Visitor: 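First the structure, then my questions, so here it is.
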Amino acid sequence: DYTLWQQRQLLAGENTPGTLAHTQLQHWRTTLTDLPEQIPLPTDRPRPAVPSYRGDTVAFRMDADSHAALTALAGECRATLFMVIQAGLAALLSRLGAGDDIPLGSPIAGRTD
């Protein structure tokens, strides 16, 4: 329900200058306009000729000491643990050749609650 409401709000204000929806959509269109279709990273096999749009997950476990250290770092930086791990991922991707502006997304709806 929230997603449908949000989509209606965005569509209603998309073409109305001065609305929050218009401002936000313009911001993201401008910010994301020059992103590459793909990031040049080393891969273990060639990219398929036709995209499958299948995703996957990689499970991993973190020991308690690493978790505590990252949580402490997050506290020192006034950030969340999620943001610290995301920054680490961006640093890794950059080191692997993805450049300095790393487009990362997450399935968060921007809800205030």
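This structure is a prediction, so every number in the text was calculated from the model and none was measured.
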Visitor: Not counting sequence neighbours, list each pair that qualifies as a side chain to side chain donor-acceptor pair (under 3.5 Å) and has a residue in residues 75-104.
Guide: none
Visitor: Just list the side-chain donor-acceptor pairs under 3.5 Å for residues 44-57, sequence neighbours left out, or say none.
Guide:
unit_1: R47; atom_1: NE; unit_2: Q38; atom_2: OE1; d: 2.5
unit_1: R47; atom_1: NH2; unit_2: Q38; atom_2: OE1; d: 3.4
unit_1: S52; atom_1: OG; unit_2: R54; atom_2: N; d: 3.3

Visitor: Which donor-acceptor pairs under 3.5 Å do side chains of residues 66-73 form with protein atoms, sequence neighbours excluded?
Guide:
unit_1: S66; atom_1: OG; unit_2: D63; atom_2: OD1; d: 3.2
unit_1: S66; atom_1: OG; unit_2: D63; atom_2: OD2; d: 3.1
unit_1: T71; atom_1: OG1; unit_2: H67; atom_2: O; d: 2.8

Visitor: When clusters are formed by joining ILVMFWY residues with side-chain heavy atoms under 4.5 Å apart, either directly or through shared neighbours, do F60 and F82 land in the same one?
Guide: no
Visitor: What's the shortest heavy-atom distance between T33 and T30, and which atoms?
Guide: CG2-O, 3.3 Å
Visitor: Does L32 sit in a hydrophobic cluster with other residues, and if so which ones, taking ILVMFWY side chains as linked at heavy-atom separations under 4.5 Å, directly or through other members?
Guide: W28, L35
Visitor: Apply the hydrophobic cluster definition, ILVMFWY joined by side-chain contacts under 4.5 Å directly or through others, and give me every member besides I102.
Guide: I39, L41, L89, L92, L93, L96, L104
Visitor: Under the salt bridge (Lys or Arg N to Asp or Glu O under 4.0 Å) test, which residues partner R29, sequence neighbours left out?
Guide: E14
Visitor: Quick test of your reading: applying ring pair (Phe, Tyr, Trp, His ring centres under 6.0 Å), list the pairs with at least one residue in residues 4-23, sequence neighbours left out, ordered by first then second residue.
Guide: Y2-W5
